[in-house]
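Here's the structure, in structure tokens; my notes come after.
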Amino acid sequence: MIKEEFKVERILFGDNQFFGVNHMSEEKARSQALKFQDINAVIDVLDDAYDEGIKVFMCTTHERIGEVCDHIRANPERYHDYQFYPCMPYAHKYANAVTEVGILDALRSFLPEEGALNAMLKGGMSLAKKDVEGMGQLLIDAEMKMFHDLQTPVIFLQNVVTDLLLGLGFKEAFRIFADHVKNKYNAEPGFITMNMPKLLDVLEELNIENPIVCSNINKIGFRMCGGIDVYESAIATRKFRPIAMSVFASGAISPQQALEYVCQQENIESIVFGASSRANIRQTKQLIDQLSAK
Amino acid sequence: MIRVALIGLGKMGLSHQAIINSHPDVKLVAVCDTSSYVLDILNKYVGIKCYTDYKKMLHEEKPDAVFIATPSRYHAEMVKAALDMAIHVFCEKPFCLDLAEGLRLVELAESKNLVNQVGYHYRFVEAFQEMKRLVDAKAIGQIHHVRAEAYGPVVLKPKGSTWRTSKNEGGGCLYDYACHGIDLVNYIMGRPDAVGGSVLNKIFSRDVEDEVYATFFYADGKTGQIAANWSDESLRKMSTHMTLWGTHGKISADRQELRIFLRDEPNVALNLNKGWNTRYTTELTQSVEYYLRGEEYSEQIDHFIQRIKGGRTDTRSTFRSAWDTDLVAAMIIKDSDSSHINADCLINQKTPSTEKNGLLASIKSLLT
């Protein structure tokens, strides 16, 4: 059962800016990637966010996050209430590997033990018994390895995977993910998607109650598939815990307007944003606090 | 409802399956692949009807349209089988490795009046769409040069072998990466008339090229260049960039943004300032019904379906336009074998610098 009392933090710090992701400009993405190639530069910004009172880092399972995890573990006093919301998997790692070596070899290369997938694929195993659940669990465990001994109260499925499974109609995978995250990590399952209304239908059908769903929510309707009206009505009427991402649409909307739009929708539980300077972090946090208090 | 079948369940195939399956006007009736592992999982968890023999699937299901996303060397026979059964065809790129066969398929599809499309999805990226609109509206005057570039991280060390890294199966950086750039050049500027200075180099691969460079020539004097390298891990994923120079300025675009520089005066009709103008994907892009990895993948499938519904065969990426891209790729392959000018052949003629009064002497030697 989902623990109804669990509350997602209001403000989450995202990591797109650290890994060369910018939906508006490849040039900006490149200059950010350059700036943050030293992990200490990343940690400095995380410290700024933490000192401004943002205690959650919502991050992909990019291999460089492992270095951040090491740093947090090494300084337990400094970061005693620090939380990660991991988002898995870091999809480009898989996509590039699939292009290079094919689907099965790509899976093989990401599984913890070489033997595990091989054993599953061995001839003689009845075709109907393909252990998708077992394989899913192994993949989740592999992605979670870097977060050992850290607090990960919410674990997300990344949007490329969520939306691929959603499109295929591979609903059982959401159930497998939710169960394993709850049972093994005592965490809440979260889902990132570009197709929020459609995903809600499926999660409802699977009886995943009051799900945590992170999607683009912004004033210009950027990547809100199905349309901004459908999103607004879902947020207003359906039972789920919405997290807004891409609220600034990569800079296309001014901070004030962007946050006003999100904060006036009372059912939106939290907002994830990324920034590279302390001034920006402070300004955004203050704006959210101020607009949320109204 | 348009009844659709899908052949090939690799990365593109699965992505197509998810998008097709979410399209409100489409019923996905069956899929086909040779990997029984993938099929078993789909059959068990998604409940889709699965085949290992595509001919059997086409005969039994009699779909209105088929998507072909197999390794390139199978395209020709599958496309032909579908066209012979009067089935509309969406085929992944590159279209057909054999030019003569490709042309027969173009003509067959056209003569049967069937909707035909090839998966050059960059034609559906809004920034490139807008680029074409502006170029067609002569925003930068007469174009004299184009540069297309495609870089990304696919082959980063000397290992791995799939059909993409096998020469006879349509693998290699030319067919996988450079073809997108060639196709955009064809789309925006028209097909070049000649190709020169082509380079197909290996960096890590054993059997195929990892980088491609070539110069394009047009009968009216325009030129172009293409550069593609799939062993560049400074980029997170494939990045394609186009720049065009014209008599009134310059325009460049990638997936995210479009930049136009106007040299002399603003263009009021097109709402462009003198100097730099920028348009971002966030303002250019319309939301799609279902999103996976990029709007363009959904757009191209919706375009194909709408053409079928409307009974129109003029898709934005026809077999014929994809054949033009195959033709330019073949020109690059042939040209890459041709000879170059060696430094030696100039040095061994009398070297001016060793003579007194080098410049005069060399002019003399040219005259005599």
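We name chains A, B, ... by the order of the sequence lines, and we start the count at 1 in each one.
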Quick check for you: to the nearest 0.5 Å, what is the distance between [X] atom [atom1] and [Y] atom [atom2]?
| X | Y | atom1 | atom2 | answer |
| --- | --- | --- | --- | --- |
| B/Tyr291 | A/Arg223 | OH | CZ | 3.5 Å |
| A/Met194 | B/Glu295 | CE | CD | 8.5 Å |
| B/Tyr45 | A/Leu168 | OH | CG | 14.0 Å |

request  = Kindly check if the number of other-residue, nucleotide or ligand heavy atoms within 6.0 Å of CG (A/Asp38) is above 12?
outcome  = yes

inquiry  = For B/Glu233, I'd like to know if atom CD has over 12 heavy atoms of other residues, nucleotides or ligands within 6.0 Å.
reply    = no

query = Which pair of non-hydrogen atoms, one from A/Gly167 and one from B/Ser22, has the smallest distance, and what is that distance?
reply = CA-OG, 3.5 Å

query = What's the shortest heavy-atom distance between B/Leu292 and A/Val160, and which atoms?
reply = CD1-O, 3.6 Å

key: Donor-acceptor pair, side chain of B/Thr282 and main chain of A/Gly251, under 3.5 angstrom   = no

request  = Mark yes or no for whether B/Ser287, through its side chain, and A/Met224, through its backbone, hold a donor-acceptor pair below 3.5 Å.
outcome  = yes

query = If you count heavy-atom pairs under 4.5 Å with chain A, which of B/Val288, B/Leu39, B/Leu42, B/Ile20 comes out on top?
reply = B/Val288

remark   = Whatever's closer than 4.5 Å to a heavy atom in chain B on A/Leu164 counts as both

query = When heavy-atom pairs shorter than 4.5 Å are enumerated against chain B, which of A/Ile228, A/Asn195, A/Ile253, A/Asp163 gives the highest number?
reply = A/Asn195

key: Members of residues 24-32 of chain B whose heavy atoms come closer than 4.5 Å to chain A   = none

query = Between B/Arg279 and chain A, which part of the residue has a heavy atom less than 4.5 Å away: side chain, backbone, both or neither?
reply = neither

